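The structure appears right after this line, and notes come after that.
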Amino acid sequence: MCTEPRTLQSLCVASLGPVLTEYLLAYGVDVLTSIFSTLPPNVLAELSVKVSECGGVDDQLVQALGSHNHVDGLALHSAGPGKMTAAGILSIVPRACTATEATTCTSDGEIASSWEDCSNVHQTLQIEGCCRMTKLELCNFQAAGTMDDEDDEDADYERALKAEEEMEDALLSLLRLCPRITHLSIVGSFQFHPHRLFQSIPALLPSLQVLDLSCCVWMDDAILLTFV
């Protein structure tokens, strides 16, 4: 009774997190992305934590939560191998885009039937993606598992390696444009040593203070010593 009651905001996030996938299926990623663009960054961060606790995210949830230029922190825990891929990470990479705006009336005051008839059409430059990111948890970011058929073992290995290389490239693209990151976690991510990513972290993230590499199966003493 001595503790303060939870805020309505926290209660809403706690209620939405477990059923967010159902809303995604019902309304689609574009609708959710548009709605989430109106939420403050702390709510988006809290929502990403709650979703990650309730089963994890896939590519569409990554886009809905992270493709906003005011996001400063996200917890993206994959719902399983292959659920969060390079495409999901690329969807939140900061990028410049143009938005076309037009008046609805023609020069004589009549309602325009199409944008081509509008008297005042102009484009504005907008930034999409998480260009203000300072904290990122990217956990269990792995390619889909191999099949059980022994005859396809080599082919599966090559596919998994190629998929992880694409995931590494996507994460490099994100980190190159998010130099403000101070806290980075890639817990349990990658089955193969992402050597290009790992070697680039000091240069790409000059403000980095915390790096969490727990449960990374590719990590060994030699790799760690080289990094240090």
Side-chain angles (χ1 to χ4, degrees), residues 6-21 23-24 29 32-79 83-95 126-142 167-168 170-190 194 197-198 200-216:
R6 297 177 64 182
T7 64
L8 291 177
Q9 174 179 294
S10 295
L11 290 172
C12 289
V13 169
S15 298
L16 179 59
V19 296
L20 187 56
T21 300
Y23 278 89
L24 179 65
V29 64
L32 279 191
T33 302
S34 178
I35 293 174
F36 288 166
S37 67
T38 65
L39 299 179
N42 63 311
V43 176
L44 286 170
E46 189 177 351
L47 185 57
S48 71
V49 171
K50 183 57 63 175
V51 174
S52 293
E53 291 175 349
C54 299
V57 302
D58 58 12
D59 284 349
Q60 290 189 317
L61 283 176
V62 171
Q63 178 182 341
L65 291 166
S67 56
H68 314 289
N69 60 24
H70 63 292
V71 169
D72 58 14
L74 287 175
L76 302 176
H77 296 216
S78 178
K83 297 296 184 180
M84 181 167 52
T85 69
I89 300 302
L90 290 174
S91 71
I92 65 174
V93 172
R95 57 199 177 277
Q126 296 180 347
I127 302 297
E128 295 182 352
C130 47
C131 55
R132 301 182 184 181
M133 180 82 72
T134 60
K135 296 181 180 180
L136 175 63
E137 288 186 12
L138 193 70
C139 302
N140 302 319
F141 185 39
Q142 298 177 4
M167 291 158 55
E168 184 180 4
L171 188 51
L172 278 169
S173 298
L174 177 64
L175 297 185
R176 286 191 185 101
L177 297 175
C178 295
R180 300 182 184 183
I181 289 180
T182 59
H183 293 68
L184 175 65
S185 171
I186 53 173
V187 170
S189 294
F190 299 103
L197 168 67
F198 201 53
S200 301
I201 285 177
L204 295 179
L205 305 178
S207 300
L208 190 66
Q209 300 172 12
V210 176
L211 177 63
D212 190 349
L213 303 170
S214 305
C215 304
C216 290

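Throughout, residue positions are numbered sequentially from 1 according to the sequence presented. Please read all numbers here as calculations on a predicted model, not as lab measurements.
- Contact record, L61 with V51: CD1-CG1, 4.0 Å, taken as the closest heavy-atom pair.
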**OP:** Applying side chain to side chain contact (heavy atoms under 4.5 Å, CB included), run through F36 and L44 and close with a yes or a no.
**Re:** CA-CA 7 Å; F36 288 166; L44 286 170; 3.8 Å; yes
**OP:** Quick one: do S200 and L175 satisfy side chain to side chain contact (heavy atoms under 4.5 Å, CB included)? Show the steps, please.
**Re:** CA-CA 9 Å; S200 301; L175 297 185; over 6 Å; no
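- Pairs engaging residues 56-67 under the side-chain hydrogen bond (donor to acceptor under 3.5 Å, both in side chains) rule: D59-T85 [sequence neighbours left out].
- The list of side-chain hydrogen bond (donor to acceptor under 3.5 Å, both in side chains) pairs with a residue in residues 172-187, not counting sequence neighbours, is empty.
- A distance of 9.5 Å separates NE2 in H68 from SG in C130, rounded to the nearest 0.5 Å.
- In this view, R95 and E128 satisfy the salt bridge (charged side-chain N to carboxylate O under 4.0 Å, His left out) rule, not counting sequence neighbours.
- The side chain to side chain donor-acceptor pair (under 3.5 Å) search around N140 returns none, not counting sequence neighbours.
- In terms of the side chain to side chain donor-acceptor pair (under 3.5 Å) criterion, residue partners of K50 (sequence neighbours excluded) are, by chain and number, E53.
- From L177, atom CG reaches atom SG of C131 across 9.0 Å, with rounding to the nearest 0.5 Å.
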Please list, one pair per line, the donor and acceptor atoms closer than 3.5 Å that link side chains of residues 9-18 to other protein atoms, with sequence neighbours excluded.
| from | atom 1 | to | atom 2 | distance (Å) |
| --- | --- | --- | --- | --- |
| S10 | OG | T7 | OG1 | 3.0 |
| S10 | OG | E46 | OE2 | 3.4 |
| S15 | OG | L11 | O | 2.9 |

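- Between atom CZ of residue F190 and atom CG of residue L171 there is a gap of 5.5 Å, rounded to the nearest 0.5 Å.
- Heavy atoms only, all atoms of each residue included: L32 and A64 are closest at CB-CB, 4.2 Å.
- Minimum interatomic distance between G73 and A45 (heavy atoms only, all atoms of both residues): O-CB, 3.2 Å.
- Here the shortest heavy-atom pairing between I92 and G66 reads CG2-C, 3.4 Å.
- In this structure, NE2 in H77 is found 9.0 Å from CG in L138, a value given to the nearest 0.5 Å.
- In terms of the side chain to side chain contact (heavy atoms under 4.5 Å, CB included) criterion, residue partners of P41 (sequence neighbours excluded) are, by chain and number, H70, D72.
- Of all heavy-atom pairs spanning L174 and P94, the tightest one is CD1-CD, 4.1 Å.
- Taking OG1 of T134 as the reference point, atom CG of L184 lies at 11.5 Å (rounded to 0.5 Å).
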Show which side-chain atoms of residues 202-214 pair as donor or acceptor with protein atoms under 3.5 Å away, not counting sequence neighbours.
| from | atom 1 | to | atom 2 | distance (Å) |
| --- | --- | --- | --- | --- |
| D212 | OD1 | S214 | N | 3.0 |
| D212 | OD1 | S214 | OG | 2.6 |

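- By the side chain to side chain contact (heavy atoms under 4.5 Å, CB included) test, A170 is found to be paired with A86, I89, L90, residues two or more places apart in sequence or in another chain being considered.
- For C216 against S189, the heavy-atom pair with the smallest separation is SG-O, 4.0 Å.
- In this view, F198 and W218, F227 satisfy the ring-ring contact (aromatic ring centres under 6.0 Å, His included) rule, not counting sequence neighbours.
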